[in-house]
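Below is one structure, written out as structure tokens, with a few remarks after it.
The figures here come from the full heavy-atom set of this structure, side chains too, leaving out hydrogens, waters and symmetry mates.
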Protein chains: 2
Amino acid sequence: MRNRENLIPVYYRLAEDIKKIIESGVLKDGDLIPTEAQLCEQYAISRMTVRQGLALLAEAGLIETVRGKGSFVTRPRLNQLVIDLNHNATSKEQIRYTLLGVNLIRNNGEFAEKLGFTGEANVITIKRLMFKGNLPVAIEEKFLRYQKGKPLLETQLEYADFPEVVAKHQESVPVRNDMRIFVAALSAEQANLLAAEGSQPALGIKQLIYSEDDKLLGVATMICHKDRFELKATSYPLSGRL
Amino acid sequence: MRNRENLIPVYYRLAEDIKKIIESGVLKDGDLIPTEAQLCEQYAISRMTVRQGLALLAEAGLIETVRGKGSFVTRPRLNQLVIDLNHNATSKEQIRYTLLGVNLIRNNGEFAEKLGFTGEANVITIKRLMFKGNLPVAIEEKFLRYQKGKPLLETQLEYADFPEVVAKHQESVPVRNDMRIFVAALSAEQANLLAAEGSQPALGIKQLIYSEDDKLLGVATMICHKDRFELKATSYPLSGRL
DNA sequence: GAGTGGTCTAGACCACATA
DNA sequence: ATGTGGTCTAGACCACTCC
């Protein structure tokens with residue numbers, strides 16, 4: 001049953017066929033698609049191959065399969081949106097950074113505690129300014145536990161994204177990133193750095209990086225010029241493979 | 001080879017085992033995990049079962065498989081964060097809405113054009129106020145093409161999320177939701193509705209809903225009180241099944 | 001040529017839902 | 001009791017990578 005003239009796998013064709021039927025509106029939210037046995041017959045393929053196709057559709061959020069009942073059409077989860085920080089940072093215009101400072105805050109339990117680092121007194125801070133072209137657009141501040149014998153390389157400071165920096169400097173493996181997005185006021189110093197009026201607000205982004213055992217590994221904050229930066233999110237990436 | 005005493009499938013156990021090895025740091029970013037043949041032997045299971053387990057890990061972003069080479073450990077994509085609008089709206093405190101108005105803007109091409117609705121002159125607008133407890137937190141405005149014979153039910157206006165409202169009122173199936181997040185200024189009217197000072201900024205969220213053929217189906221904007229609303233996103237949901 | 005993952009088969013038994 | 005999806009087998013051939 002393997003395709004010859006066309007190189008795409010059978011299970012992929014099946015998934016695309018059903019996807020088109022759903023997106024054309026013939027099958028609506030809640031409808032049952034043909035059973036696996038029926039699809040085996042229709043396409044003259046074995047059941048595992050059918051299931052591979054349905055798995056694609058389920059992953060894309062187009063169907064939901066229920067044991068003993070069948071596979072139901074579901075509206076794609078458009079209320080789940082993905083923010084891709086890499087893409088947000090590298091769109092269109094040239095991005096560059098200037099390093100404002102790297103510090104090791106030693107034996108300051110209060111400082112560490114305030115950030116959320118429990119049982120740790122030594123914290124590395126990294127501060128840099130992000131530019132689009134020649135305009136300053138955001139102030140980044142990063143905080144991570146100081147780990148002896150794991151030096152931070154300058155290239156990591158300049159270019160790497162934050163989870164990568166954390167991964168490189170920690171023994172623990174970062175597995176979760178929680179983000180808050182909010183409106184922030186600019187301090188005089190921040191306004192100066194961003195070449196903005198002191199009275200204007202900014203977009204604030206705070207990231208918390210955790211390990212599997214929920215230990216806080218790193219904190220990152222971005223204060224973004226309100227007219228030069230905006231976050232984009234989209235529902236699309238999830239079904240990108242179909 | 002099916003498990004007896006414990007009910008969880010073999011492929012799932014395999015995936016969990018490898019996940020633990022990765023998260024413990026024994027296998028690092030870029031390392032090869034055992035080949036499928038080796039895993040077949042180790043677990044004394046068939047290859048399709050091994051592949052089902054590896055598929056779980058790949059979906060969670062913990063490994064990447066390359067044909068002819070093997071499966072490599074990858075750091076989880078912590079730079080891809082998911083905003084769950086349903087969850088953001090239904091966390092902790094009681095959320096309720098008051099409907100401020102529903103209008104049908106007829107034969108106003110300029111109005112439709114400005115929103116991005118091409119070739120359409122009739123637009124439905126829905127405006128409502130969101131409360132947490134007794135505090136107004138956000139003003140929602142929604143715009144969608146008017147479709148004859150597809151009435152909007154009041155229950156839909158009050159409770160449903162926007163993509164659902166669009167799906168119910170349109171022939172076309174909504175398949176993509178693009179979102180922008182930004183800092184907005186409050187108009188006098190908006191400040192009044194939110195019981196806020198007129199000079200203060202707000203968090204703005206704009207959603208654009210598209211069909212498969214990239215036709216704009218709906219637009220939603222939220223203007224959120226800066227101290228009473230914040231967006232949360234997390235990297236975790238993707239690997240939630242493991 | 002040897003080793004790897006990608007696709008596919010033709011069965012089997014099981015758990016669950018429905019009537 | 002029947003029909004559904006969930007798990008699993010023991011093979012097979014293919015495409016690709018690397019030596």
For [N], does either OP1 or OP2 sit under 4.0 Å from a side-chain N or O belonging to [X]?
X: B:Q52; N: D:dC8; answer: no
X: A:Y11; N: C:dT7; answer: yes
X: A:R51; N: D:dG6; answer: yes
X: A:S46; N: C:dT9; answer: yes
X: A:R47; N: C:dG11; answer: no
X: A:T49; N: C:dT9; answer: yes

Atom [atom1] of [X] to atom [atom2] of [N]: distance rounded to whole Å?
X: B:L39; N: D:dT9; atom1: CG; atom2: P; answer: 13 Å
X: A:M48; N: C:dC8; atom1: CE; atom2: P; answer: 12 Å
X: A:E41; N: D:dT4; atom1: CD; atom2: P; answer: 11 Å
X: A:L14; N: C:dT7; atom1: CG; atom2: P; answer: 14 Å
X: A:L54; N: C:dT7; atom1: CG; atom2: C1'; answer: 16 Å
X: A:Y12; N: D:dA15; atom1: OH; atom2: P; answer: 19 Å
X: A:E64; N: D:dG5; atom1: CD; atom2: P; answer: 14 Å
X: A:F72; N: D:dT4; atom1: CZ; atom2: C1'; answer: 10 Å

Residues which pass side-chain hydrogen bond (donor to acceptor under 3.5 Å, both in side chains) with [X], listed by chain and number, not counting sequence neighbours:
X: B:E36; value: B:R47, B:R51
X: A:S211; value: A:D213
X: B:E212; value: none
X: B:E140; value: B:R128, B:K142

Strand contacts (DNA chain D) in residues 30-37 of chain B, 4.0 angstrom heavy-atom criterion: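 Within residues 30-37 of chain B, no residue comes under 4.0 Å of DNA chain D.
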Quiz item: cation-pi between B:R145 and B:F117, 6.0 Å / 45°: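 Relative to the ring axis of B:F117, which defines the angle, B:R145 lies outside at least one limit.
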Residue pairs fulfilling side-chain hydrogen bond (donor to acceptor under 3.5 Å, both in side chains) with at least one residue in residues 64-76 of chain B, sequence neighbours excluded: none
Carboxylate-amine/guanidinium proximity below 4.0 Å for A:K206 and A:D178: no
Distances for protein N/O vs nucleotides 17-19 of chain C N/O pairs under 3.5 angstrom?
| from | atom 1 | to | atom 2 | distance (Å) |
| --- | --- | --- | --- | --- |
| C:dT18 | OP1 | A:K69 | NZ | 3.3 |

Any residue meeting side-chain contact (heavy atoms from CB on, under 4.5 Å) with B:Q147, in chain and number order, not counting sequence neighbours: B:K150, B:H169, B:Q170, B:E171
Set of side-chain contact (heavy atoms from CB on, under 4.5 Å) partners for B:T98, sequence neighbours left out: B:R96, B:L100, B:L129, B:F131
